[in-house]
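Accompanying notes for the structure given below.
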Amino acid sequence: MPVDPLSILTDRFRSAINVAVPGADVDLLIKVCQQPELGDYQCNAAMPLAKRAGKNPRDVAKAIIAAADVNDLCEALSEQSIAGPGFINIRLRADALSAAVASMDAPGLGVEPAAPSMTVVVDLMGVNLAKQMHVGHLRSPVIGDALARTFERLGHTVKRQNHVGDWGLPIAMVTARLMRLADAGEIDLSRITLDQLDIAYKAAQAECQRDTGALEAVRKYGLGPKAEAECEAQVGGATEAFLAAKETLLELQAHEPRTYAVWQRIRDVTMAECIAACERLHVRVTDADSAGESTYAQEMGPMVEDMVARGVAVHDQGALIVRLEEPEYGGITQPCLVRKSDGGFLYATTDIAAIRRRVQVFGGDRLVYAIDARQNLQLRQVFGASLKAGYAIHPRTGKPAVMEHAAFGMVLGEDGRPFKTRSGDSVKLADLLEETVLRALAAVKETAARRGETMPEAEVRTIAEAVGIAALKYADLVNDRIKDYVFSFDRALAFEGNTGPYLLYALARIKSMFRKAAERGVGDGWKSAPPSTRHHAEKQLALALLRYGATVRSVADSLEPHRLCQYLFEVAGLFSTFYDQCPTLSEEGAVRDGRLRLCALTARVLEDGLGVLGLPTVERM
RNA sequence: GCGGGUGUAGCUCAAUUGGAUAGAGCACCUGACUACGGAUCAGGAGGUUACAGGUUCGACUCCUGUCACCCGUGCCA
């Protein structure tokens with residue numbers, strides 16, 4: 001049973017409109033009023049309905065009012081309720097508001113389980129073997145995990161996926177190099193770190209890069225035999241390294257024991273560090289959620305043959321492509337290449353195989369990709385190709401999986417350019433986390449000192465960890481996904497404004513109230529008291545709390561976690577106003593209990609909402 | 001060339017998917033504490049929503065055309 005007056009009113013007005021204007025169909029029937037002076041809710045349906053029927057909108061509004069049966073919820077509607085061209089302003093009755101809040105104060109907090117429940121696969125990370133995670137890897141897990149938690153909160157079955165770049169020539173290159181260095185006794189594979197792997201990766205790329213351009217230039221301009229010899233040596237060395245890498249690739253594909261063991265070592269070291277970073281970020285992803293490209297290696301050949309056999313993939317200029325010009329496949333001019341003219345497969349081929357697994361094996365009804373906006377064309381192509389090949393058709397429902405790109409922009413520094421260190425290097429993700437937490441630690445200590453509080457060092461550290469991580473994640477989630485955003489430590493960690501720490505503070509303050517209440521021997525009779533909603537500040541807070549369920553749902557629909565951030569900030573702000581204007585513990589009886597109940601519900605909504613976003617919380621700070 | 005994205009207060013960002021006077025937070029100014037955490041609250045100032053047209057009762061939002069910046073564009077994974 002819905003408890004949100006918004007959805008009840010929507011039903012009532014839908015019935016009323018069916019009577020007033022038979023056969024009419026309007027989407028957004030009831031909205032929350034933006035200005036409290038006008039009303040709590042409003043119905044804007046009269047205008048579009050009147051237009052379609054060629055009638056006067058105010059007359060239509062009158063007819064809707066006459067047919068609306070809402071007196072149990074709202075103050076009586078009259079012509080006074082109609083404003084402007086035909087807005088119907090609705091004011092909730094005080095008793096109905098209190099009752100609605102009381103019924104929301106249940107385990108679900110007014111979040112209705114989605115019906116039907118679906119299987120949602122969320123792609124929330126793209127780790128590459130032997131590569132250090134940097135700032136560019138922040139948004140995908142943060143946004144992806146927030147979305148995954150949102151789906152889970154709504155009762156969907158969620159499968160997180162970390163698509164690991166663990167296969168192909170680049171991986172073979174670094175594997176070959178590491179084996180060579182290990183043989184020469186220059187490195188110890190049993191103790192190697194991700195940092196060292198990262199260095200080896202870059203070196204391997206460089207040594208396999210044949211600088212034929214330079215050689216041609218030297219010859220063309222006759223720069224002398226010495227320069228020519230140097231270039232020839234470079235090209236020769238690179239060719240040798242390149243061929244060695246090719247050889248290693250074949251060994252990997254054949255699971256040659258020694259080569260394979262080195263590769264597995266690289267994988268273990270990389271994954272351990274990346275999973276550790278995720279744990280620190282409070283991102284729920286495990287090694288079991290990882291699916292390497294290598295796991296698709298055996299599937300791709302037969303899959304592409306299948307696409308050829310059914311005419312989905314066609315030969316073109318020596319390669320195999322899937323054409324996507326048809327509107328139902330995306331209307332994309334550029335075809336999707338699934339096999340190169342040399343017989344090799346591409347990224348897109350792996351992605352299609354992944355879609356096939358996610359739908360056919362995992363039973364995904366909806367596939368969500370929290371990936372950099374620059375990958376948009378690539379994703380639209382593989383979505384289209386998968387649809388065309390039928391791999392995205394759900395085995396049970398027979399319907400195509402909904403495939404969506406939750407695209408996001410870049411993290412910029414305060415200079416408005418991509419976030420880098422002062423020397424221009426990319427910032428390691430682990431370093432970013434560490435610096436954020438250290439700054440949080442300093443801030444927590446400072447404020448504790450200012451208040452003259454003493455806290456055990458261990459607790460201070462625990463709090464700083466939560467505050468720092470919450471600050472960092474919130475600073476990311478609060479922005480509209482698709483846009484680039486400017487990151488600033490000071491702004492993210494500020495205790496004022498729309499920040500993670502401010503929300504944690506608001507919650508901690510409520511928790512503190514209840515600790516104090518317990519100290520003063522206040523019983524728990526308030527738990528069954530009618531929530532107090534008479535004071536203006538109480539009423540505004542109560543109305544906001546009732547919107548929680550709808551807000552969570554809108555995040556799932558739009559894939560935009562910033563809506564929940566804005567909502568929680570609003571709730572926290574309304575609570576602060578209430579806190580300022582409505583003393584609670586100094587009151588007695590029904591007033592105190594009604595307020596305590598409102599406070600407790602506010603805390604639960606904040607805590608639940610922060611949990612949906614994947615932010616850690618604290619009892620005190 | 002084509003395709004996609006972005007452009008809103010000095011700065012960082014919103015705007016419930018076409019609704020009423022475009023809202024917050026920083027910063028700035030003015031107020032409020034013997035209070036349950038002042039890490040707060042109340043108020044002020046700040047705008048030609050890049051530009052020009054169009055659609056209609058109504059446009060930051062939809063359509064057309066410009067401008068600026070970013071990104072992507074068939075054989076790298």
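Letters A, B, ... are given to chains in the order of the sequence lines, protein chains preceding strands, and every chain is numbered from 1.
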So R451(A), base contact, sugar-phosphate only, or nothing? Heavy-atom distance under 4.0 Å. base
Identify whether the glycosidic angle of rU40(B) places it syn (within 90° of 0) or anti. anti
Atom CG of L49(A) and atom C1' of rG19(B) are separated, to the nearest Å, by 14 Å
Under 4.0 Å, heavy atoms only, any strand: does N89(A) hit a base, just the sugar-phosphate, or nothing? base
Could you tell me the separation between the CD atom of E560(A) and the C1' atom of rC13(B), rounded to a whole number of Å? 14 Å
Electrostatic pair D490(A):R439(A) at N-O distance under 4.0 angstrom: yes
Please evaluate the base of rC36(B) for a donor-acceptor partner in the side chain of S586(A) within a cut-off of under 3.5 Å? no
If you compare every side-chain N and O of S488(A) against the phosphate oxygens of rU12(B) (OP1, OP2), does one of them come in below 4.0 Å? no
Phosphate oxygens OP1/OP2 of rA20(B): is one of them under 4.0 Å from a side-chain N or O of Q34(A)? yes
Nearest-nucleotide check on RNA chain B, A508(A) vs Q581(A); residue mapping nearer the 5' end is A508(A)
Presence of H405(A) side-chain N/O under 4.0 Å of rG4(B) phosphate oxygens OP1/OP2: no
Side-chain N or O of S576(A) versus OP1/OP2 of rC41(B): is the shortest distance under 4.0 Å? yes
Rounding to an integer number of angstrom, what distance separates rA39(B) and rG25(B) when you compare their C1' atoms? 15 Å
Please name the pair of heavy atoms, one in P616(A) and one in L504(A), separated by the smallest distance, quoted to 0.1 Å. O-CD1, 3.6 Å
Ignoring hydrogens and angles, are the base of rA77(B) and the side chain of D166(A) linked by a donor-acceptor pair under 3.5 Å? no
Can we call the ring centroids of Y502(A) and F495(A) under 6.0 Å apart? no
F495(A) stacking on rA39(B): centroids under 5.5 Å, ring planes under 30°? no
Tell me the closest heavy-atom pair linking V411(A) and F487(A), and the distance in Å. CG1-CB, 3.7 Å
By the 4.0 Å heavy-atom rule, please label C582(A) as base, sugar-phosphate, or nothing. base
Can you tell me how far C1' of rA20(B) sits from CZ of R58(A), to the nearest Å? 13 Å
Hey, is the side chain of K31(A) poking within less than 4.0 Å of OP1 or OP2 on rA20(B), counting only N and O atoms? no
Between R450(A) and rA39(B), is there a contact of a side-chain N or O with OP1 or OP2 at under 4.0 Å? yes
E570(A) has an atom CD; how far is it from atom C1' of rA15(B), in whole Å? 11 Å
Only one of Y296(A), Y347(A), W263(A) forms a ring pair (Phe, Tyr, Trp, His ring centres under 6.0 Å) with W167(A), so which one is it? W263(A)
Phosphate OP1/OP2 of rC13(B) contacted by K483(A) side-chain N/O (<4.0 Å): no
Given rG38(B), rC41(B), rC75(B), the nucleotide with the shortest approach to the side chain of A319(A): rC75(B)
What nucleic acid atoms does L377(A) come within less than 4.0 Å of, heavy atoms only: base, sugar-phosphate, or nothing? sugar-phosphate
Which part of the nucleic acid does A83(A) contact within heavy-atom distance under 4.0 Å: base, sugar-phosphate only, or nothing? base
Just N and O in the side chain of R509(A): are any of them under 4.0 Å from OP1 or OP2 of rG38(B)? yes
Base, sugar-phosphate alone, or nothing: which one does Q375(A) contact when heavy atoms must sit under 4.0 Å apart? nothing
Could you pull out the closest heavy-atom pair between N498(A) and C565(A), with the gap in Å? OD1-O, 4.5 Å
Determine the contact category for P48(A): base if any of its heavy atoms lies under 4.0 Å from a base atom, sugar-phosphate if only primed atoms, P, OP1 or OP2 are that close, otherwise nothing. base
Between V314(A) and R323(A), the two heavy atoms sitting closest are CG2-NE, 4.3 Å
Separation of K445(A) atom NZ from rA39(B) atom P, in whole Å? 20 Å
Can a side chain N or O of Y502(A) be found less than 4.0 Å away from OP1 or OP2 on rG37(B)? no
Can you check whether K51(A) has a side-chain N or O nearer than 4.0 Å to OP1 or OP2 of rU56(B)? no
With rounding to whole Å, what would you report as the distance between rA52(B) and rG7(B) at their C1' atoms? 16 Å
Mind checking Y579(A) for me? I need base, sugar-phosphate or nothing, with any heavy atom below 4.0 Å counting as a touch. base
Taking N and O atoms by type only, does the side chain of D316(A) place a donor or acceptor under 3.5 Å from a partner on the base of rG74(B)? yes
If you look at every strand shown and take non-hydrogen atoms under 4.0 Å, does D342(A) touch a base, only sugar-phosphate, or nothing? nothing
Mind checking S558(A) for me? I need base, sugar-phosphate or nothing, with any heavy atom below 4.0 Å counting as a touch. base
Report which part of the nucleic acid R547(A) touches: base, sugar-phosphate, or nothing (heavy-atom distance under 4.0 Å, all strands). nothing
Using a distance-only criterion (donor-acceptor N/O pair, under 3.5 Å, no hydrogens), is the base of rA20(B) paired with the side chain of Q42(A)? yes
Classify the nucleic acid contact of L346(A) as base, sugar-phosphate or nothing, counting any heavy atom under 4.0 Å across all strands shown. sugar-phosphate
Taking N and O atoms by type only, does the side chain of R553(A) place a donor or acceptor under 3.5 Å from a partner on the base of rU16(B)? no
What is the minimum heavy-atom distance between H405(A) and R481(A), and which atoms define it? O-NH2, 4.1 Å
